[in-house]
Amino acid sequence: MKYEIIFSGIGGQGVILAGSLLGEAAVSCGLRAAQTQAYGVSARGGFTKTDVIISDDEILYPYALTPDLIIVLAEPALLHYLNVSNDNCKVIYDSSIIDASKYDLDKRYFGLPIVEIAKELGSARSANILSLGIAASFIVDISLEQLDNVLEKRFRGKILGKNIEILRKGIELGKSVALTR
Amino acid sequence: MSRRSKEVSWKAFLREESLPHQWCAGCGYGVILKSMLYAFEKSGLAPKDVVVVTGIGCWGKADDYLYTNTVHVTHGRALPIATGIKVANPSLKVLALMGDGDSATIGGNHLIHSSRRNIDVTAIIANNLNYGMTGGQYSCTTPLDSRTSTSWYGDPEPALDICRLTETAGASFVARTTVYHVGTIERYILMALSHEGFSLVEVISPCPTYFGRYNKMPKAPIMLNWLKDKAISIERAKNLSEEELSGAIVTGVFADKKGHSFLSRYNEIQARAKKDLEGE
Amino acid sequence: MTGKIGFILGNEAIVEGALVSGATFFAGYPITPSSEIAERASRRLPQVGGYYLQMEDEIASIAAIIGASIGGAKAFTATSGPGFSLMQENIGLAVMAEVPCVIINVQRSGPSTGLATKPAQADIMQARWGRHGDHSIIAISPSTVQECFDLIIFAFNVAETYRCPVLFMADATVGHLREGCVLRSKDEVEIINRKRPPEGLDEYYPYKADEDLVPPMATLGGHYLSRFHSSSHNEKGLPTSSPEEAKDLIKRLYDKIEKNKDKIVKYKTFDVDGSDYLLIAFGGAVRAARQAALDAKKRGLKVGVLQLQTVWPFPAEYVCELAKDKKGVVVPEMNMGQIIGEVRKAVPDAIPVVGANRYDGEPLAPYEIMKALDEVLSL
Amino acid sequence: MAIPEGEIMVVEGKKFRIEMRRDRCKGCEICVEFCPKKVFEADELGRPVPVRVDDCIGCGACELRCPDFAIEVKSKGVS
């Protein structure tokens with residue numbers, strides 16, 4: 001098995017963190033993972049993306065060539081992924097902050113109000129963790145236990161509790177849109 | 001005169017077989033070297049405890065005449081090399097010997113930051129007011145309007161005051177004297193050697209071959225008398241106006257502050273880091 | 001940390017490997033894409049009684065690690081393109097004064113400030129020839145996070161063995177790559193420390209080499225007085241302008257690396273036996289090369305990969321041996337073609353050698369290597 | 001007064017003995033200028049000759065100021 005997942009957005013949204021947490025959870029489950037990132041000069045605001053490759057075999061090329069899933073958290077990022085070559089790719093964009101009506105998107109694209117849901121759950125800044133959950137629902141071999149573990153290593157106290165809740169909501173959301181291959 | 005009867009004589013630090021040295025007739029560097037050796041003797045240091053780092057320039061040849069550990073390096077970089085040696089092995093007494101070009105011109109940035117860092121190194125700057133080794137070009141300490149081989153019509157650039165610069169930047173011991181005031185060289189170097197933190201002694205030295213010759217002082221005695229006339233003690237200078245001090249060489253101890261050397265501060269950092277590691 | 005698997009950046013693995021090597025001193029100046037090395041070093045070194053010094057520039061950084069190594073520490077610095085350029089003069093000092101140290105260059109696109117956050121492999125010739133004067137140099141290049149960890153230990157080992165600077169030529173694709181990495185402990189790896197002179201010598205000559213052409217390095221403050229010199233010097237460490245002594249020194253500095261090449265050169269091969277074509281790559285480009293070889297296999301082509309873990313000294317004899325029965329060679333590099341020149345010099349003239357190059361700041365992709373392979377097929 | 005090259009020239013005065021290394025002396029005339037008793041005079045090459053050694057008061061100024069490690073002043077009776 002091999003998955004190629006991209007988290008994208010603008011700097012400051014924590015997309016790179018989401019990617020590294022996913023990779024770390026995969027490695028904890030005995031899988032291989034490679035996570036790369038591309039970012040501009042500004043730490044805040046510019047286009048940012050991370051590629052996460054997860055496989056049960058050695059990962060050679062560490063960048064996504066035929067992504068299976070792209071999560072898009074900001075409009076500048078969507079512009080990068082308007083012409084995805086892989087027919088089976090799913091592109092999930094945040095419909096609460098991106099007005100997709102001006103783009104001619106095919107059925108591979110669908111919107112989920114990611115930031116809005118995160119906000120409802122008490123933390124708009126945890127949109128990345130919600131995204132992590134969505135992506136995790138996609139990969140059957142990553143256990144919830146290991147995902148919780150990586151969150152516990154990264155967060156403390158109230159924020160940890162909130163993020164664990166948001167992670168679960170993300171997984172549920174992901175399942176609801178039937179992402180599993 | 002026979003000197004003090006200490007355990008290690010100043011001669012133990014001198015590579016006598018390398019004499020006569022390569023400095024020109026009347027160059028003050030032999031005097032500074034000898035004063036440094038006297039200070040070594042008085043300090044009670046043994047040759048193996050001392051590391052002398054030299055850069056490039058006439059004063060950068062000083063390591064050829066020393067029986068200490070010596071490290072001869074690239075132009076301008078004696079201070080960061082000395083910094084590395086001292087941090088890696090704090091039990092050593094580390095000196096950086098630099099000329100005015102080495103220390104303040106090409107190496108000026110390191111001089112500022114070694115002062116700010118207050119690294120536990122002793123800098124002995126022999127300032128002959130020009131680049132002697134390459135034929136008498138102007139350096140950043142050449143007095144304004146002086147004639148040199150690259151300022152035939154006068155140096156258009158004002159001179160940098162090394163002591164005021166380093167004192168402002170945070171060096172905790174700063175002193176200046178001249179080769180004319182020979183006894184104070186040894187005294188200041190000795191003070192610098194026992195100082196914790198960055199210590200700097202600047203010695204203005206005659207270069208009759210170039211600077212002197214180009215500026216109507218072709219012989220060492222003339223240059224020494226010129227240094228004598230130009231020198232004003234820091235105590236006296238306090239009561240003089242900027243105008244009265246123009247062109248003067250202010251001598252004396254500019255800074256002598258205790259505490260907060262780089263190494264003592266870093267010990268604190270290591271203690272905090274170890275606590276952090278235990279807490280993990 | 002024994003055998004712990006970390007999911008870490010290549011840059012972080014470099015620091016962990018350096019610590020296992022026994023490094024206790026880092027001096028550097030922050031620069032993208034190497035800064036995570038400085039950041040991690042600043043947190044980890046004081047925990048183990050070591051030192052992190054943030055210097056005023058890269059010139060001071062390389063100077064400080066040379067000083068620290070003279071002072072007895074294992075020392076390293078990390079930088080990227082512009083900083084690497086600034087370090088060249090003092091890398092020459094480390095060569096001449098024979099001071100072991102490790103310089104990491106996480107290569108980015110250039111020239112000048114170029115594309116600060118984007119990868120390249122365009123400093124590999126600068127690594128070989130960046131300094132003035134005749135000399136040999138050792139350069140090592142990792143292609144995975146695990147190799148960042150393992151090869152930095154190797155880098156320290158060869159630096160200590162041969163009393164020389166070692167250039168660790170990573171690139172942004174590897175430095176900013178997160179992967180699983182086994183963080184081996186000190187007991188699980190071979191650690192080499194510099195050779196010390198025996199006690200009881202009448203006089204210690206700091207530059208008198210043993211049979212392996214490497215002079216033992218005395219501990220400052222120990223039994224012997226020592227001298228280090230940037231200018232042409234004799235065995236005593238005193239400056240000399242004698243043509244014989246100058247020639248002997250330059251020759252020895254060169255030979256101690258070139259004549260020990262078989263111990264310094266490290267490489268990996270993938271499916272080279274019985275292959276018709278050969279890809280020769282180093283660093284980040286290896287990943288694309290291996291993927292391309294796999295893709296080519298699906299097309300029925302037999303393609304092997306040679307990964308140069310040690311790029312300098314260049315294993316010309318081995319490259320020739322490996323390539324001589326192939327139908328063609330492709331050299332993928334994230335530059336306009338640098339190592340390809342060495343490959344061309346090494347392989348027989350009849351064998352076509354084609355480059356697969358990318359120099360726009362984007363990582364080289366497998367399909368670009370495939371295109372170059374197609375070009376070889378068409379010849 | 002002819003002083004040989006390459007060896008230590010010892011000039012005895014009443015109270016002090018001046019030892020000079022002509023192989024090291026470069027003839028800068030600092031000792032000539034700064035001796036308070038004007039013990040030295042420069043020869044035609046500018047090199048010092050202690051012509052008035054009996055006037056020496058043993059202040060050590062010449063030794064201290066000599067850049068060439070070429071002069072030592074010793075008290076007589078002290079070896």
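Numbers restart at 1 for each chain; the letters A, B, ... are given by sequence-line order, proteins then strands.
No donor-acceptor distance shorter than 3.5 angstrom exists from the side chain of C:Gln47 to the backbone of B:Lys274, with no hydrogens or angles considered.
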* Assess whether side-chain contact (heavy atoms from CB on, under 4.5 Å) is satisfied between C:Leu238 and B:Arg15, documenting all intermediate values. => CA-CA 11 Å; C:Leu238 291 166; B:Arg15 262 192 90 85; 3.2 Å; yes
* Would C:Leu53 and B:Phe262 satisfy side-chain contact (heavy atoms from CB on, under 4.5 Å), going step by step from the backbone distance to the final call? -> CA-CA 10 Å; C:Leu53 264 77; B:Phe262 177 80; 3.8 Å; yes
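Interface check for chain C: of the options B:Ile81, B:Leu92, B:Asn89, the most heavy-atom pairs under 4.5 Å are formed by B:Ile81. When the candidates B:Asp63, B:Asp49, B:Ile56, B:Val52 are compared by the number of heavy-atom contacts under 4.5 Å with chain C, B:Asp63 comes out ahead.
Interface residue B:Val71: backbone and side-chain heavy atoms are both found under 4.5 Å from chain C. Residue B:Ile119 does not touch chain C at all, counting heavy-atom pairs closer than 4.5 Å. Proximity to chain B (any heavy atom under 4.5 Å) is restricted, for C:Phe25, to the side chain, taken from C-beta onward. Heavy atoms of C:Ala27 lying under 4.5 Å from chain B are absent altogether. Only the backbone of B:Leu66 comes within contact range of chain C, judged by heavy atoms closer than 4.5 Å. For chain B, the nearby parts of C:Ser226 are the backbone and the side chain; heavy atoms of each come within less than 4.5 Å. Only the backbone of C:Tyr224 comes within contact range of chain B, with at least one heavy atom under 4.5 Å from a heavy atom of that chain. Neither the backbone nor the side chain of B:Ser18 comes within contact range of chain C; no heavy atoms are under 4.5 Å apart. In this structure, the portion of B:Thr83 lying under 4.5 Å from any heavy atom of chain C is its side chain and not its backbone. At a 4.5 Å heavy-atom cutoff, the contact between B:Asp64 and chain C is made by backbone and side-chain atoms alike. With a 4.5 Å cut-off on non-hydrogen atoms, B:Tyr67 touches chain C through its backbone and its side chain both. B:Lys61 touches chain C through its side chain: at least one heavy atom from C-beta onward sits under 4.5 Å away, while N, CA, C and O do not.
More than 12 heavy atoms of other shown residues, nucleotides or ligands fall within 6.0 angstrom of atom NZ in B:Lys257. Heavy atoms from other residues, nucleotides or ligands lying under 6.0 Å from NZ of C:Lys186 number more than 12. Enclosure of atom NE2 in C:His135 by more than 12 non-hydrogen atoms of other residues, nucleotides or ligands within 6.0 angstrom is indicated. Within a 6.0 Å sphere centred on CD of C:Glu199, other residues, nucleotides and ligands contribute 12 heavy atoms or fewer. Other residues, nucleotides and ligands contribute more than 12 heavy atoms inside 6.0 Å of the CZ atom of B:Arg265.
When all heavy atoms of C:Ala73 and B:Ala88 are compared, the closest pair comes out as CB-CB, 3.9 Å. Residues C:Gly50 and B:Tyr266 share a closest heavy-atom pair of O-CE2, 3.4 Å. For the residue pair B:Thr68 and C:Arg227, the shortest heavy atom distance occurs at O-NH1, 4.5 Å.
Between C:Pro239 and B:His72 the shortest side-chain heavy-atom distance does not fall below 4.5 Å. No side-chain heavy atom of C:Tyr51 sits less than 4.5 Å from a side-chain heavy atom of B:Ile269. Proximity of C:Val48 to B:Gln270: side-chain heavy atoms (C-beta onward) are nowhere separated by under 4.5 Å.
Between atom CG of residue B:Asn69 and atom CD1 of residue C:Ile70 there is a gap of 10.5 Å, rounded to the nearest 0.5 Å. Rounding to the nearest 0.5 Å gives a distance of 7.5 Å between NE2 of B:His110 and CE of C:Met55. Between the CZ atom in B:Arg77 and the CD1 atom in C:Ile59 there is a gap of 4.0 Å [rounded to 0.5 Å]. The structure places OG1 of C:Thr219 at 11.0 Å from NZ of B:Lys48, a figure rounded to the nearest 0.5 Å.
The pair B:Arg116-C:Glu56 does not count as a salt bridge, with every side-chain nitrogen at least 4.0 angstrom from each carboxylate oxygen.
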